[in-house]
Novice: 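Before I ask anything, let me first share the structure, which is written out below as structure tokens.
Scope of the values below: all heavy atoms of this structure, side chains included, with no hydrogens, waters or symmetry mates.
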Amino acid sequence: MKYGFWLPIFGGWLRNVENEQMPATFDYAKKVIQSAEKWGYSTTLIAELYLNDIKGPEHDSLEAWTTAAALASVTEKIEIMSAVRPGFHNPAVTAKMAANIDQISNGRFTLNVVSAWWEEEARQYGGIFTEHDERYDRTHEFIDVLKGLWSEQNFSYEGKYYQLKDTKLFPKPVQRPNPILYAGGESLKGKQTIVEKCDAYVMHGGTVEEIEQKIAEMKNLRAATSNPELSEFGMAAYVICRDTEAEAFAELERITSVKESSAYAGFKDFTSKSQLEQQIQLQDYSVSNRGLRPNLVGTPDQIADRILQYEEAGLGLLLLQFSPQLEEMERFAKQVMPLVEVKRKQLTV
């Protein structure tokens, strides 16, 4: 298992807690990622939203790509995965920017391709927001352009959404044949786009059984293409690690006491504009990305056992959220990560 984390660009992950002591500033993000490198985390995922979906649209949030470029220059080992939404980007310019950040990071920049779900944000920022399946048709062409510019000397493309003629992109990315393209999706259209065009699959939080089924399905869909196997399966999860189970569940109760606020501004679009496999309730939405569903809540021993169950199900990357981020990331790194290794060895004896 590899351990990644969501970069805290929104000032927290909890919609029912106003101040999580994790400011939406570059200085805090820099401190978190540099500490994470020392503690053994492999990856950070930087969400791309121009409005703050966690605390409410009137609150501060960092822009993903400029933050990624800045962090690439002050880190050495960690993978920096930035989300990218085709409806907000010119694909040729995006390919150039990604290649540049990959050069800055010496091959550590990857992308999480997101077809978008928040219509109000698109209205405010001039993004292109269309019906669900059409968003994936655009994503399909967007990825064609990225990969073509990263691999060909002169690239031409004639699609419904994008047209290029004899376009040159130099320098190419460090990674070959391309920076890893992660993507998540729960609709049939989304999954088909991922198995045809992307390299790795990331999921919202789910139970062990749900994740095992999704991985098996995606492997089967991928096998029907001419592409190699998906390189990674990742999942979002929120961690509550405490010395006792009672303390952990007291914290769970605190953070899921739903309070009506602008933090839920995107809830209707998230549930109505996406095709989700599980019915999402307001309590599930209390924490970002269905993070409580994996139930990484309890003592270090309980959480380590749970992680090994996900590993057995085929999961290779956890994309974790914590609050407050820095303190809880350190606790997890020191109390849970080593315990997983010990327990894995015991299982193989």
Side-chain angles (χ1 to χ4, degrees), residues 1-13 20-48 62 64 67-83 101-102 104-112 175 179-180 182 184 200-205 211 231-241 287-289 291 294 296-297 300 303-304 306-308 310-311 315-344:
M1 185 68 72
K2 295 189 294 185
Y3 302 99
F5 64 95
W6 293 68
L7 195 74
I9 65 170
F10 299 117
W13 303 113
E20 299 180 57
Q21 305 300 317
M22 39 197 290
T25 64
F26 177 74
D27 285 344
Y28 185 73
K30 177 182 173 182
K31 186 175 183 180
V32 166
I33 196 171
Q34 289 180 331
S35 299
E37 275 199 325
K38 297 174 185 175
W39 295 333
Y41 289 87
S42 69
T43 307
T44 189
L45 170 55
I46 310 177
E48 183 188 60
L62 300 181
T67 301
L71 292 176
S73 68
V74 296
T75 52
E76 297 177 355
K77 299 180 293 182
I78 201 161
E79 175 187 5
I80 299 172
M81 183 200 309
S82 178
I101 301 175
D102 203 46
I104 293 168
S105 66
N106 194 28
R108 294 184 288 117
F109 185 63
T110 59
L111 285 78
N112 176 31
Q175 296 173 74
I180 298 169
Y182 295 81
Y201 186 54
V202 287
M203 299 164 276
H204 290 298
I211 296 304
S231 63
E232 189 63 272
F233 292 95
M235 179 188 73
Y238 184 87
V239 176
I240 302 176
C241 182
V287 169
S288 176
N289 303 97
L296 297 187
V297 178
I303 293 172
R306 191 78 169 161
I307 288 170
L308 285 171
Y310 279 103
E311 194 173 280
L315 196 71
L317 173 65
L318 283 167
L319 294 165
L320 301 172
Q321 298 169 347
F322 307 85
S323 180
Q325 187 98 3
L326 198 62
E327 295 83 350
E328 293 304 315
M329 281 181 65
E330 183 175 18
R331 186 205 300 259
F332 183 88
K334 293 182 177 179
Q335 295 184 11
V336 179
M337 286 184 185
L339 197 53
V340 173
E341 299 304 309
V342 170
K343 285 176 173 288
R344 185 188 298 111

Novice: Hey, could you give me the CD1/OG distance between Ile101 and Ser73, rounded to the nearest 0.5 Å?
Specialist: 10.5 Å

Novice: Rounded to the nearest 0.5 Å, what separates atom OH in Tyr41 from atom CE in Met329?
Specialist: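 Tyr41 OH to Met329 CE: 4.5 Å, rounded to 0.5 Å.
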
Novice: As a quick check of understanding, evaluate side-chain contact (heavy atoms from CB on, under 4.5 Å) for Ser288 and Gln321, giving each step before the final call.
Specialist: CA-CA 8 Å; Ser288 176; Gln321 298 169 347; 3.6 Å; yes

Novice: Which atom pair, heavy atoms only, marks the closest approach of Lys31 to Leu326?
Specialist: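 Heavy-atom minimum between the residues: CE-CD2, 3.5 Å.
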
Novice: Keeping the roles fixed (side chain from Glu79, backbone from Thr110), state whether a donor-acceptor pair exists under 3.5 Å.
Specialist: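 No, because the side chain of Glu79 does not come within donor-acceptor range (under 3.5 Å) of the backbone of Thr110.
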
Novice: Search all heavy atoms of Leu111 against all heavy atoms of Pro179 and return the closest pair with its distance.
Specialist: CD1-CB, 4.3 Å

Novice: One pair to check against side-chain contact (heavy atoms from CB on, under 4.5 Å): Val336 and Leu296. What are the steps and the verdict?
Specialist: CA-CA 11 Å; Val336 179; Leu296 297 187; over 6 Å; no

Novice: Mind checking the CG-CG spacing from Leu45 to Leu317? Nearest 0.5 Å is all I need.
Specialist: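 Output value for this atom pair is 9.0 Å.
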
Novice: What pair of heavy atoms forms the shortest contact from Leu62 to Ala29, and how long is it?
Specialist: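 Looking at all heavy atoms of both residues, the closest pair is CD1-CB, 4.3 Å.
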
Novice: For the side chain of Tyr310 and the backbone of Met1, is there at least one donor-acceptor N/O pair under 3.5 Å apart?
Specialist: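 No; judged by distance alone, with no hydrogens or angles, the pair does not exist.
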
Novice: At what distance, to the nearest 0.5 angstrom, does CD of Glu37 lie from CG of Leu71?
Specialist: 10.0 Å

Novice: Considering all heavy atoms of both residues, which atom of Met22 and which atom of Pro8 are nearest to each other, and what is their separation?
Specialist: CE-CB, 3.6 Å

Novice: Determine yes or no for a side-chain-to-main-chain donor-acceptor pair under 3.5 angstrom, with Thr44 supplying the side chain and Phe5 the backbone.
Specialist: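 Present.
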
Novice: I'd like to know whether Gln325 forms a side chain to side chain donor-acceptor pair (under 3.5 Å) with Trp13, so could you lay out the CA-CA distance, the side-chain angles of the two residues, the decisive distance to 0.1 Å, and finally the verdict.
Specialist: CA-CA 9 Å; Gln325 187 98 3; Trp13 303 113; 2.9 Å; yes

Novice: Could you pull out the closest heavy-atom pair between Ile33 and Leu7, with the gap in Å?
Specialist: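 Of all heavy-atom pairs spanning Ile33 and Leu7, the closest is CB-CD1, 4.5 Å.
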
Novice: Can a donor-acceptor pair be found, under 3.5 Å and without considering hydrogens, that links the side chain of Tyr3 to the backbone of Phe332?
Specialist: no

Novice: Do Arg108 side-chain atoms and Ile78 backbone N/O form a donor-acceptor pair below 3.5 Å?
Specialist: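 Side chain of Arg108 to backbone of Ile78, a donor-acceptor pair under 3.5 Å: yes, one is there.
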
Novice: So, using side chain to side chain contact (heavy atoms under 4.5 Å, CB included) as the criterion, who are the partners of Ala47 when residues are at least two apart?
Specialist: Trp6, Ile9, Phe10

Novice: When you measure from the side chain of Asp102 to the backbone of Gln175, do you find a donor-acceptor pair of N or O atoms at a distance under 3.5 Å?
Specialist: yes

Novice: Would Glu327 and Glu330 satisfy side-chain contact (heavy atoms from CB on, under 4.5 Å), going step by step from the backbone distance to the final call?
Specialist: CA-CA 5 Å; Glu327 295 83 350; Glu330 183 175 18; 5.9 Å; no

Novice: State, to 0.1 Å, how close Gly184 and Asn112 come at their nearest heavy-atom pair, and which atoms those are.
Specialist: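 Between these two residues, the closest heavy atoms are N-OD1, 4.3 Å.
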
Novice: Could you check Lys2, Arg344, Arg306 and say which one makes a salt bridge (Lys or Arg N to Asp or Glu O under 4.0 Å) with Glu311?
Specialist: Arg344

Novice: Looking at CE of Met203 and CG of Asn289, how far apart are the two atoms once the value is rounded to the nearest 0.5 Å?
Specialist: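 So the gap between those two atoms works out to 13.0 Å.
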
Novice: Under a 3.5 Å distance rule, please check whether Glu232 uses its side chain to pair with a backbone N or O of Ala200 as donor and acceptor.
Specialist: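 Judged by distance alone, no pair lies under 3.5 Å.
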
Novice: Is any side-chain heavy atom of Pro324 closer than 4.5 Å to one of Glu328?
Specialist: yes

Novice: For Cys241 and Phe322, what are the C-alpha separation, side-chain angles and deciding distance, and is it a side-chain contact (heavy atoms from CB on, under 4.5 Å)?
Specialist: CA-CA 9 Å; Cys241 182; Phe322 307 85; over 6 Å; no

Novice: Can you tell me how far CD1 of Ile303 sits from CE of Met337, rounded to the nearest 0.5 angstrom?
Specialist: 12.0 Å

